[in-house]
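Here, residue 1 is the first one in the sequence, and each next residue gets the next number. For ligands, and for the atoms within them, numbers begin at 1 and follow the listed sequence.
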Amino acid sequence: MNSDSPADLDWTATDRWLSGEAWTGARIGEHARQLCDTIGPRWSGTDAEWRAIEYIRDQFSLAGLDEVAVEEFDMDCWSWSKADVRSSDGARLDILPFIGCGSFTIEANVVDVGYGTPREIAAVSKQLPGEIALMNIAYEPFTQPMPHAYRLRDVAAAGAAAAAVIDGKSGERREYHSAHDSRDPDFPSPPLPSIAITREAGARLRRTSAARLQVEVATTTESKRTANVHGLLRGDRWPEEDLVLGGHHDTVYASPGGNDNGSGTISTLETARVLAALRRDVGTSPGRTLHFVTYSAEEQGFLGSFDFVRRHYSDGRRPRLAINLDELAAGHMKGLVLGFDHLRALVQRQFDHMGDGLQCHVMSQLDNSSDHFPYLVDGIDAAHLWRWRFRGRHADADYHHEPPDTADKLNVRELKEYAAQLSRLLLRLAQVPPQDWPQLGVPAAEARQRVTTERGAVVRVY
Ligand SMILES: [Zn+2]
């Protein structure tokens, strides 16, 4: 066998079967209705999340996976009960507390810090102490981009007592935001009491001279039980070798999570279903073991994926590759983006063999934006899908951390294509003989060192 034909399979017949099953056997609409409409928002630690966990477990079992487990763990679950703001000009403001923010009450002047760049903070350094900083969350368009978490930390260091952060979207839309850097476990999250306000409210405050705000936010954090859902399809040639495909099943508060991340959850379920059906109906098993997982608490600091890596890969064992699926309704699949570069040629060979024009890229930074990060920080090979960067982003694909991220944001036809391409890719990767696989990740110490030096850098979304 040479490396251009990944296994002694009839790939034309196998691809036809996988694509056909992904297309005609799809259960995408049913999953979207269950997860987004019937269950709805799935903030980790809530009863609704548990209904989703049970649903996904049942679907993995129904698909015929070999072992299906609900892997429980305890987490600190944040919630809020009150978020009131009154403006001195009588305007009512719709606000959201930042995720992880503690309770606070304040009445203070509003001080405009623009985008919170060092120059803008310095310009108001005398007025800022003890007051509420009004800051755009977007990047300042003409300077080196700086994550909003670091700009908020600078605002806090300059003495601001709280921050009102203006959402980038227009039309009274605002998202749940957090402000931390997962590359730095000591980074305060958020660095100061912070609320998100709409672009329209922000503009109005900027027009109001001597604006004052009265803010009252009540939040709590308590220990809750949550779980990842894990199923596998055992390999028939190298069963001790793993490939992982997964995406988070939780949502932020109050969002039904169509795009973020019903799309990734459903693509995980569908890819598992299609590959299990191939084994059942055709008799073709993957060479190495395929693990399918939906992670809990991505929106609360990747707690589920951190638990999964700790539980399964902390004893020196490593998967060959973990692929993360997040926000797939943003655009059709264009390829994979790896954290480390040594698998690039191998993955590209599989893509070339598939013949769909998919591309494999490597990020210049270890991406800390989703559930591939806990793998990368341990030096494990992990990838995220290339979905929208540069081209092909759908116009209505900017919904994630807000109530309108509903089931209709899912593109059913495209998700069928995702399931077909992911199952064809996974099966190829599962058949590559161990001697043709370049290396197993990088040393964990090396990865951790990289993560430390990359703190504060903006990771571009793709
Ligand atoms: Zn997500």
Side-chain angles (χ1 to χ4, degrees), residues 31-32 35-36 39-46 48-49 52-53 56 75 78 96 98-100 147 149 169 174-182 189 196 226 228-229 244-269 292-308 322-331 333 336-337 363 367-376 382-389 393-394 396-407 409-411 414-415 418 422 459-462:
H31 294 327
L35 291 168
C36 305
I39 297 171
R42 310 178 285 286
W43 181 245
S44 281
T46 61
E49 191 211 16
I53 289 167
I56 294 160
M75 61 173 288
W78 174 89
L96 291 175
F98 265 50
I99 293 173
K169 293 175 177 174
R174 73 244 187 288
E175 298 182 3
Y176 276 95
H177 293 289
S178 45
H180 65 278
D181 187 345
S182 45
S189 172
T226 182
N228 298 321
V229 193
V244 182
L245 181 78
H248 70 91
H249 61 238
D250 66 309
T251 66
V252 298
Y253 247 84
S255 168
N259 174 38
D260 188 10
N261 190 25
S263 63
T265 302
I266 292 169
S267 297
T268 303
L269 288 172
F292 300 96
V293 53
T294 69
Y295 305 107
S296 166
E298 191 266 355
E299 305 291 3
Q300 296 181 63
F302 320 144
L303 300 178
S305 44
F306 270 116
D307 186 79
F308 190 83
I323 299 173
N324 180 35
L325 310 176
D326 201 355
E327 298 199 34
L328 304 189
M333 179 165 162
L336 277 193
V337 186
M363 281 289 278
D367 179 6
N368 66 333
S369 70
S370 183
D371 286 317
H372 40 298
F373 181 71
Y375 293 90
L376 295 175
H384 201 186
L385 294 198
W386 178 20
R387 304 151 297 165
W388 68 68
R389 189 170 169 188
R393 181 170 185 159
H394 298 316
D396 64 350
D398 66 340
Y399 289 91
H400 59 157
H401 292 174
E402 56 182 323
D405 184 15
T406 38
K409 303 303 184 301
L410 292 169
N411 185 324
E414 241 171 42
L415 289 185
Y418 269 104
L422 287 168
V459 175
R460 297 167 71 193
V461 291
Y462 44 86

Exercise. For Glu175, check salt bridge (Lys or Arg N to Asp or Glu O under 4.0 Å) against everything at least two apart and list the hits.
Key: Lys169
Quiz item: For Asp307, which residues count as a salt bridge (Lys or Arg N to Asp or Glu O under 4.0 Å) partner, sequence neighbours excluded?
Solution: Arg310, Arg311
Quiz item: Is the distance between the Zn ion (ligand 1) and the nearest N/O/S atom of His248 smaller than 2.8 Å?
Solution: yes
Quiz item: To the nearest 0.5 Å, what is the distance between OG (Ser267) and NE2 (His31)?
Solution: 10.0 Å
Quiz prompt | the Zn ion (ligand 1) - name of the N/O/S atom of Asp326 that sits closest to it | solution = OD1
Practice problem: Return the name of the atom in Asp260, of element N, O or S, nearest to the Zn ion (ligand 1). | Solution: OD1
Quiz item: Once the angle between the rings of His372 and His384 is folded into 0 to 90°, is it parallel (under 30°), tilted (30 to 60°) or perpendicular (over 60°)?
Solution: tilted
